[in-house]
Amino acid sequence: MRQVRTLALSGFILIAVWLVLAILVGIVAIKWALHPARRVMRPPDEARAEAIAESNHAQVEEVSVLADDGARLRGWSMRPLNWNGNAVILLHGQSDNRAGMLGNANLLLRHGYAVLLPDARAHGASGGDFATYGVLEADDLRRWFDWLRQSETQHCIDGLGESMGAAQLLASLREIHGFCAVVAESPFASFREASYDRLGEKLGTGPWAGRTLLRPAVEAGILYARWKYGVDLELASPENAVAASTTPVLLFHGKRDTNLPPRHSETIQAKNSTCYPQVALWEPAEAGHCGAAGAEPKEYERRLIDWFESHDMHGQGAVRLNSGKGVFALKTGYRYVQPGDLPQTGNLP
């Protein structure tokens with residue numbers, strides 16, 4: 001009997017120690033997540049922006065908006081000489097800044113799009129004490145959207161984001177109902193699912209460990225963020241925002257992405273499988289995290305521009321007939337798509 005009691009006590013102590021350690025890990029991890037390293041703007045970044053603008057007969061304008069909490073958000077605005085009347089908001093990833101989207105800006109400027117490159121809150125030159133992965137950024141992006149709409153008449157405003165920026169873009173769909181179309185590369189399905197991956201990858205187990213052995217760390221981190229910062233990270237859920245939206249969404253996710261595995265985009269697309277072609281997915285086989293343009297540059301450009309053009313309701317693109325039922329008229333050369341005509345995979349735009 002004494003041996004049983006000793007074993008039970010030892011087991012209880014081990015579990016208690018494990019829970020305490022897990023809670024500490026969760027708190028440290030969430031503090032790191034909410035306070036990512038800030039990449040400040042440097043002269044080479046500004047010089048590169050000027051060079052890209054000049055090559056496209058555009059000018060770089062420093063712009064800003066005020067967030068709901070008083071944070072000053074800053075960014076660049078560029079419009080090419082051959083402006084097609086449309087604009088795209090470009091959103092960078094974690095611990096990056098607006099300069100990280102200059103490659104995409106150059107591509108879009110060449111095709112006649114105006115571009116807006118904001119620094120996310122707590123990133124680059126923007127204010128904000130911490131990042132929230134879409135919780136506060138959804139309203140931040142709505143303010144940028146309104147700024148674009150008020151600054152000059154746009155035919156269409158589209159969005160393009162990478163990684164954290166992709167998740168923020170999708171999360172903003174619960175606030176913004178005016179995007180013509182958006183493209184999100186390597187987003188997470190939800191902050192919770194991303195947390196499972198982040199913790200599990202430290203042990204080389206994938207999300208399994210995060211969902212089981214390290215689950216207390218995830219729960220502790222989310223609760224701590226709510227208590228300490230007043231941020232409910234359960235709201236950072238792109239999959240739910242997309243499901244509640246009628247905005248056409250194209251997802252890019254490389255099959256070799258080990259940072260945020262492609263299952264995140266697959267989950268978003270599967271949850272909206274009845275909405276094809278409103279939610280489409282491309283998974284380039286050789287691309288890693290946010291690596292579609294590097295792995296298949298021509299195909300990346302074709303799919304990106306075709307998606308925006310096919311949903312430009314003011315030009316030669318799509319006219320949305322009934323977004324609630326997923327009925328679209330795509331650009332010249334495409335046919336009307338009825339829900340019953342949809343392929344089962346829905347993986348190609």
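Positions are given from 1 along the sequence.
- A distance-only check finds a donor-acceptor pair linking the side chain of E137 to the backbone of T132 [under 3.5 Å].
- Without hydrogens or angle criteria, R121 side chain to L73 main chain gives no donor-acceptor distance under 3.5 Å.
- For E50 (side chain) and A47 (main-chain N/O), no donor-acceptor pair under 3.5 Å exists by modelled atom type.
- The main-chain N or O of A181 is never found under 3.5 Å from a side-chain atom of T247 such that the two would form a donor-acceptor pair.
- Counting only distance, with no hydrogens or angles, the side chain of S95 and the backbone of A37 share a donor-acceptor pair below 3.5 Å.
- Ring-centre distance between Y229 and H35: below the 6.0 Å cut-off.
- Under the 3.5 Å distance criterion, the side-chain polar atoms of N106 are left unmatched by any main-chain donor or acceptor of I52.
- Ring orientation note: the planes of F252 and W282 are nearly perpendicular, at an angle over 60° on the 30°/60° scale.
- If you check the side chains of T246 and Q278, you find no donor sitting under 3.5 Å from an acceptor.
- Screening W307, F145, F308 against F179 for a ring-ring contact (aromatic ring centres under 6.0 Å, His included) leaves a single residue, F145.
- Listed by chain and number, the residues in a salt bridge (Lys or Arg N to Asp or Glu O under 4.0 Å) with R215 are E219 (sequence neighbours excluded).
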Check residues 15-22 and write down every donor-acceptor pair under 3.5 Å in which the side-chain atom is one partner and the other belongs to a residue at least two apart or another chain.
from	atom 1	to	atom 2	distance (Å)
W18	NE1	L213	O	3.2

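- For the residue pair H123 and N97, no side-chain donor N or O sits within less than 3.5 Å of a side-chain acceptor on the partner.
- Annotation for Q59: atom CD does not count as buried by contact number, only 12 or fewer foreign heavy atoms lying within 6.0 Å.
- Ring planes of W144 and W147: perpendicular class, angle over 60° (limits at 30 and 60°).
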Check your understanding: Does the pair E162 and N104 meet the rule for a side-chain hydrogen bond (donor to acceptor under 3.5 Å, both in side chains), with working shown?
Key -> CA-CA 10 Å; E162 293 184 349; N104 281 301; 3.1 Å; yes

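- Annotation: salt bridge (Lys or Arg N to Asp or Glu O under 4.0 Å) contacts of R149 (sequence neighbours excluded): none.
- Y224 and W227 have tilted rings, their planes meeting at an angle from 30° to 60° on a 0 to 90° scale.
- A donor atom on one side chain and an acceptor atom on the other are found under 3.5 Å apart for H264 and D197.
- Proximity of a side-chain donor or acceptor of S64 to a complementary backbone N or O of R72 within less than 3.5 Å is not detected.
- Within 6.0 Å of CD in E54 there are 12 or fewer heavy atoms belonging to other residues, nucleotides or ligands.
- One side chain, H111 or E301, offers a donor N or O that lies under 3.5 Å from an acceptor on the other.
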